[in-house]
2 protein chains.
Amino acid sequence: MVRVAAVQLAPTVGDLAGNLAAARAAISGALEAGADLVVLPELTTSGYVFESQEEARALGIPRDSPVFAEWAELVSARPGALAVVGFAESGEDDLLYNSAAIVGAGGVLGVYRKVHLWDQEKLYFTPGSAAPLVIDTPQGRLGLMICFDLEFPEWTRLAALAGAEILVVPTNWPLFPRPEGERVAEVQIGMATARINKMAVVCADRTGVERGVPWSGGTTIIGADGWVIDSVGEGTGVAWGDIDPADSRDKTLAGLAHAFGDRRTDLYGGVVQEQPRS
Amino acid sequence: MVRVAAVQLAPTVGDLAGNLAAARAAISGALEAGADLVVLPELTTSGYVFESQEEARALGIPRDSPVFAEWAELVSARPGALAVVGFAESGEDDLLYNSAAIVGAGGVLGVYRKVHLWDQEKLYFTPGSAAPLVIDTPQGRLGLMICFDLEFPEWTRLAALAGAEILVVPTNWPLFPRPEGERVAEVQIGMATARINKMAVVCADRTGVERGVPWSGGTTIIGADGWVIDSVGEGTGVAWGDIDPADSRDKTLAGLAHAFGDRRTDLYGGVVQEQPRS
């Protein structure tokens with residue numbers, strides 16, 4: 001059983017030192033409370049609403065930054081524990097990426113660069129071009145993607161087909177109006193993604209208002225059955241969930257129904273391209 | 001604007017005459033109440049829980065059955081009106097299909113054969129092998145698929161990419177336990193499908209208990225924004241919704257974000273096949 005903590009933070013754009021301190025406190029606090037897997041939001045280190053490319057670039061962190069060793073040191077306090085943190089990445093190619101890292105006691109296990117950039121992120125970041133990160137860890141086989149990536153079922157399916165048992169999704173969901181009593185729309189998508197793929201989904205969102213942009217506070221842990229285990233709601237806080245990766249391994253839906261086996265791969269050749277109108 | 005009526009019925013397995021009478025009454029009633037598009041459940045004519053292949057086959061209807069002309073006559077009462085009805089289809093190849101037809105005043109506009117058969121349906125039906133039906137009609141460009149098909153995002157994406165403005169989904173959703181206050185799980189999937197593809201989704205479900213199988217009563221009309229317009233709940237009844245097909249045509253999500261344009265088709269080649277574990 002994996003004890004998951006999804007931490008909802010309110011990073012401040014431009015305040016790298018303050019954001020790093022908040023990330024450190026969030027990771028330590030969750031580990032002390034028993035977390036095996038701590039997930040922090042997208043762009044935890046930099047904040048989100050940049051005013052210029054110069055500002056964004058100045059907030060980038062390279063992969064050999066000492067912050068990763070620091071996070072590795074933090075998670076070493078608990079055997080097998082992992083932290084997942086979203087950060088603005090200064091690439092070795094001098095480009096800026098919207099990235100997230102999985103960090104264990106031994107250091108960085110993997111980094112994913114967001115492939116589907118949302119709206120004005122396109123002004124600041126270069127999109128990634130690698131598949132969703134899916135790797136075996138002490139906490140099961142983890143998949144990693146970021147925010148808007150979750151809204152492309154081709155992408156989440158790829159992670160599921162690669163064997164992801166827990167899909168980890170650091171996010172920054174801007175707040176949009178929704179009907180009274182409804183969940184954040186992206187959480188609905190996360191629930192459907194979990195159920196369709198029989199794969200747990202963990203979303204760590206941000207909260208607060210940054211340069212006039214309000215955030216959803218949609219941090220939610222979803223089981224492989226598609227139902228919400230815990231969520232944070234407004235303000236900062238932590239959602240907790242116990243996830244058994246084995247629940248994601250059996251894709252049986254009923255005696256003769258199977259989430260993967262019933263896929264008609266003979267008919268999906270065209271799904272990757274626009275179809276001609278008949 | 002298309003005035004949609006999704007009708008929740010309780011067909012009786014084996015009672016072809018009674019089910020046809022109920023379908024007739026449902027279509028007429030909805031048209032009289034102002035519907036432009038009337039959607040009835042999957043297997044409205046036959047019922048669902050068959051005890052043998054012989055029973056299922058005896059309930060099949062060929063495409064040249066006079067019932068289609070009768071439904072065409074009914075919808076001719078209202079200019080441009082359409083009825084969508086699920087039925088067990090006796091194929092010209094002597095096989096049985098789980099099908100649905102779109103019927104206008106001039107007759108059958110198209111028939112779709114369910115591709116993803118759920119569980120024991122595999123004992124009775126032959127799966128279809130054609131793409132989701134997507135056709136231009138007086139009520140906009142309609143997509144048509146059936147029940148479990150909706151749970152394969154490859155399939156719903158294909159319909160959306162083919163230009164479906166309203167995805168019509170006759171269903172028979174067996175009732176499964178769900179947490180207090182939650183919607184039927186398949187409705188969650190319908191909401192995510194609508195939002196991801198910016199496409200209205202209309203699900204007409206059945207209700208009641210048939211040979212020990214209880215049904216969900218999940219009839220729901222969902223707008224292209226992913227939010228529920230109307231649903232029926234328990235028992236028979238009609239969900240109503242006014243849908244503007246134009247809302248499904250513009251796939252813009254934000255100034256620089258687009259539901260289709262942001263797809264990374266350069267990276268999805270592998271989505272149709274199982275991925276090797278890295």
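Each chain gets a letter, A, B and so on, in the order the sequences are listed, and its residues count up from 1.
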| Is any side-chain heavy atom of B:Met191 closer than 4.5 Å to a side-chain heavy atom of A:Met191? | no
| ring pair (Phe, Tyr, Trp, His ring centres under 6.0 Å) with B:Tyr124: which residues, sequence neighbours excluded? | B:Phe50
| Shortest non-hydrogen separation from B:Leu267 to A:Ser129 and the atoms involved | CD2-O, 3.4 Å
| said: Which one wins on heavy-atom pair count under 4.5 Å against chain B: A:Gln188, A:Arg264, A:Glu186? | reply: A:Arg264
| task | Check each atom of A:Ala259 against the heavy atoms of chain B and say whether the ones under 4.5 Å are side chain, backbone, both or neither. | result | backbone
| field | Steps toward side-chain contact (heavy atoms from CB on, under 4.5 Å) verdict (B:Leu253, A:Trp118) | value | CA-CA 9 Å; B:Leu253 297 169; A:Trp118 169 258; 3.9 Å; yes
| query | In terms of heavy-atom pairs under 4.5 Å, which option from A:Arg195, A:Glu182, A:Arg178 contacts chain B the most? | reply | A:Glu182
| request: Just give me the residue among A:Asn197, A:Asp262, A:Ile196, A:Leu256 that pairs up with chain B most often, heavy atom to heavy atom, under 4.5 Å. | output: A:Leu256
| query | Among A:Ala185, A:Ala160, A:Ala192, which residue forms the greatest number of heavy-atom pairs with chain B at distances under 4.5 Å? | reply | A:Ala185
| message | So if I take each residue of residues 213-228 of chain A and look for any heavy atom under 4.5 Å from a heavy atom in chain B, which residues do I end up with? | response | A:Trp227
| field | Distance-minimising heavy-atom pair for A:Arg157 and B:Glu151 | value | NH2-O, 4.4 Å
| A:Phe176 versus chain B, heavy atoms under 4.5 Å apart: side chain, backbone, both or neither? | neither
| Checking B:Thr193 against chain A: side chain, backbone, both or neither under 4.5 Å from a heavy atom? | neither
